[in-house]
Amino acid sequence: MIALTDITKSFGPLHVLRGISLTVADGEVVSIVGPSGAGKTTLLQIIGTLDRPDTGRVVIDDTDVSLLRPAALSAFRNKHIGFVFQFHQLLPEFTAEENVMMPALIAGRPMHDARRDARAILTDLHLADRADHKPAELSGGEKQRVAVARALINHPSVILADEPSGSLDTQNKQELHQLFFDLRDQRGQTFVIVTHDEQLATLTDRTIRLTDGQIVR
């Protein structure tokens with residue numbers, strides 16, 4: 001479902017990724033771990049088409065994304081890739097439901113369809129009673145679940161998560177981790193998760209360990 005071949009990336013003289021090749025299967029939950037500066041976030045951004053590699057190929061759902069022009073790449077990203085960040089990145093002036101709807105509206109879906117699907121996902125994630133609340137009225141765990149709901153709205157091929165539980169307390173962290181596996185089991189959702197949390201890494205189907213821009217295990 002995802003195939004990276006000989007990915008390299010440098011920023012000036014700094015070689016961040018040095019020939020990364022890997023595949024991620026449909027429905028797999030994969031963690032990427034390693035020390036700070038190992039290239040984890042850069043690799044995730046390249047998988048997510050937010051950055052382009054210097055060399056190599058990124059293929060997602062049989063599409064070589066390096067061949068797409070900017071507008072087509074943006075549309076592909078919106079349809080095929082969901083994102084969950086460490087600090088949720090919710091828009092403060094909108095309700096939980098409206099935040100979840102945003103990617104669907106950007107994709108050009110009718111307002112009533114986006115609202116219906118957002119409400120259904122929030123219900124599945126036990127957030128129906130929080131749908132009309134703005135982010136400032138939500139707990140940290142609720143904000144991250146809303147962020148997951150937003151990532152799910154367009155039925156993406158993969159959800160990419162960058163330190164998704166890094167800002168949560170122990171209970172909310174465990175609940176978020178369990179949510180990822182529930183979504184895999186119930187929806188067949190694929191996840192690629194960058195994390196420093198070794199406990200989460202041990203739970204995933206596979207752990208990719210980076211050191212100095214290379215896969216070491």
*Side chain of Asp162, backbone of Ile193: donor and acceptor closer than 3.5 Å?*
no

*Where is the tightest heavy-atom contact between Val84 and Ala147, given as atom of each residue plus distance?*
CG2-O, 4.1 Å

*asked:* Is there a path of hydrophobic side-chain contacts, each under 4.5 Å between heavy atoms of I/L/V/M/F/W/Y residues, joining Phe181 to Leu183?
replied: yes

_ILVMFWY cluster, Ile20 and Phe11 together (side-chain gap under 4.5 Å)_ = yes

*Rounded to the nearest 0.5 Å, what separation is found between the CG atom of Leu73 and the CZ atom of Phe76?*
8.0 Å

*Worked check of side chain to side chain donor-acceptor pair (under 3.5 Å) between Ser165 and His177*: CA-CA 8 Å; Ser165 57; His177 295 170; 2.8 Å; yes

_Side-chain (Asn154) to main-chain (Pro156) donor-acceptor, under 3.5 angstrom_ = no

_Intermediate values then yes/no, side-chain contact (heavy atoms from CB on, under 4.5 Å), Val146 and Leu125_ = CA-CA 8 Å; Val146 171; Leu125 271 56; over 6 Å; no

*asked:* Is the shortest side-chain heavy-atom distance between Leu43 and Val16 below 4.5 Å?
replied: no

*Got a salt bridge between Asp124 and Arg119, using NZ or NE/NH1/NH2 to carboxylate O under 4.0 Å?*
no

*Heavy atoms, side chains only, cut-off 4.5 Å: are Glu163 and Phe85 in contact?*
no

*asked:* Using only atom types and a distance under 3.5 Å, with no angle test, would you say the side chain of Asp61 pairs donor to acceptor with the backbone of Thr63?
replied: no

*Decide yes or no on side-chain contact (heavy atoms from CB on, under 4.5 Å) for Val30 and Asp205, but give the supporting numbers first.*
CA-CA 6 Å; Val30 174; Asp205 300 321; 5.7 Å; no

*Please answer whether the main-chain N or O of Thr195 pairs with a side-chain N or O of Lys40 as donor and acceptor at a distance below 3.5 Å.*
no

_CZ-OG distance between Arg130 and Ser139, expressed to the nearest 0.5 angstrom_ = 7.0 Å

*State the CG-CG distance between Asp182 and Asp185, to the nearest 0.5 angstrom.*
6.5 Å

*Output the distance between atom CD1 (Ile106) and atom NZ (Lys79), rounded to the nearest 0.5 Å.*
16.0 Å

*Would you mind reporting whether Asn172 and Gln144 have side-chain heavy atoms less than 4.5 Å apart?*
no

_As an exercise, state the distance from CG of Leu22 to CD1 of Ile208, rounded to the nearest 0.5 Å._
4.5 Å

*Under 3.5 Å, is there a donor-acceptor pair between the side chain of Thr190 and the main chain of Gly27?*
yes

*Donor-acceptor pair, Glu98 side chain versus Thr95 backbone, under 3.5 Å?*
yes

*Honestly curious: do Ile32 and Met1 fall in one hydrophobic cluster under the side-chain, below-4.5 Å linking rule?*
yes

*asked:* Main chain of Arg206, side chain of Thr204: is a donor-acceptor contact present, judged purely on distance under 3.5 Å?
replied: yes

*In terms of side-chain geometry, is the basic nitrogen of Lys9 or Asp51 positioned less than 4.0 Å from the acidic oxygen of its partner?*
yes

*asked:* Could you check whether Arg57 pairs with Asp6 (Lys NZ or Arg NE/NH1/NH2 to Asp/Glu carboxylate O, under 4.0 Å)?
replied: no

*Does a side-chain heavy-atom distance below 4.5 Å link Thr23 with Leu4?*
no

*Using a 4.5 Å cut-off on heavy atoms from C-beta on, say whether the side chain of Leu176 contacts that of Val148.*
yes

*Can you tell me how far the CD atom of Gln189 sits from the CG atom of Asp26, to the nearest 0.5 Å?*
9.0 Å

*Step by step, work out the side chain to side chain donor-acceptor pair (under 3.5 Å) result for Ser21 and Thr5.*
CA-CA 4 Å; Ser21 295; Thr5 306; 5.3 Å; no

*Give the minimum heavy-atom separation between Val194 and Pro164, together with the two atoms involved.*
O-CD, 3.8 Å

_Would you say Leu90 ends up clustered with Met101 if hydrophobic residues are merged whenever their side chains have heavy atoms under 4.5 Å apart, either directly or through other cluster members?_
no

*Determine whether more than 12 heavy atoms belonging to other residues, nucleotides or ligands lie under 6.0 Å from atom CG of Asp129.*
yes

*Ala201 versus Val33, closest heavy-atom pair with distance*: CB-CG1, 3.8 Å

*Is there a donor-acceptor pair closer than 3.5 Å between any side-chain N or O of Asp64 and the backbone N or O of Val59?*
no

*side-chain contact (heavy atoms from CB on, under 4.5 Å) assessment of Gln174 paired with Thr170*: CA-CA 6 Å; Gln174 292 174 347; Thr170 300; 3.7 Å; yes

*Decide whether Ile2 and Ile215 are clustered together by the hydrophobic rule: side chain heavy atoms of Ile, Leu, Val, Met, Phe, Trp, Tyr closer than 4.5 Å, transitively.*
yes

_Residue that, paired with Ile46, satisfies side-chain contact (heavy atoms from CB on, under 4.5 Å) out of Leu50, Thr49, Thr42, Leu44_ = Thr42

*Do you know which two heavy atoms are closest between Ile153 and Ala118, and how far apart they sit?*
CD1-N, 3.6 Å

*May I ask you to decide if Leu127's main-chain N or O and Glu142's side chain share a donor-acceptor pair within less than 3.5 Å?*
no

_His196 NE2: over 12 foreign heavy atoms closer than 6.0 Å_ = yes

_Quick check against the 3.5 Å criterion: does Asn78 have a side-chain atom that pairs as donor or acceptor with the backbone of Pro103?_
yes

*asked:* Please find the pair of heavy atoms, one from Ile7 and one from Pro53, that lie closest to each other, and give the distance.
replied: CG2-CB, 3.7 Å

*Are any of the side-chain nitrogens in Arg115 or Glu97 under 4.0 Å away from the carboxylate oxygens of its partner?*
yes

*Side-chain contact test, heavy atoms from C-beta onward, threshold under 4.5 Å: evaluate it for Val216 versus Leu210 and give yes or no.*
no

*Does the side-chain contact (heavy atoms from CB on, under 4.5 Å) test come out yes or no for Ile159 and Phe180, once each step is laid out?*
CA-CA 10 Å; Ile159 290 180; Phe180 292 156; 5.8 Å; no

*If you measure only the distance, is there a donor-acceptor pair under 3.5 Å linking the side chains of Thr8 and Asp54?*
no

_Heavy-atom check, side chain of Lys173 versus side chain of Asp169, under 4.5 Å_ = no

*Heavy-atom closest contact (Ser10 atom, His15 atom, distance)*: OG-ND1, 2.8 Å

*Using the side chain to side chain donor-acceptor pair (under 3.5 Å) rule, take Gln171 and Glu175 through it: C-alpha gap first, then chi angles, then the decisive distance, then the call.*
CA-CA 6 Å; Gln171 180 176 344; Glu175 290 176 356; 3.2 Å; yes

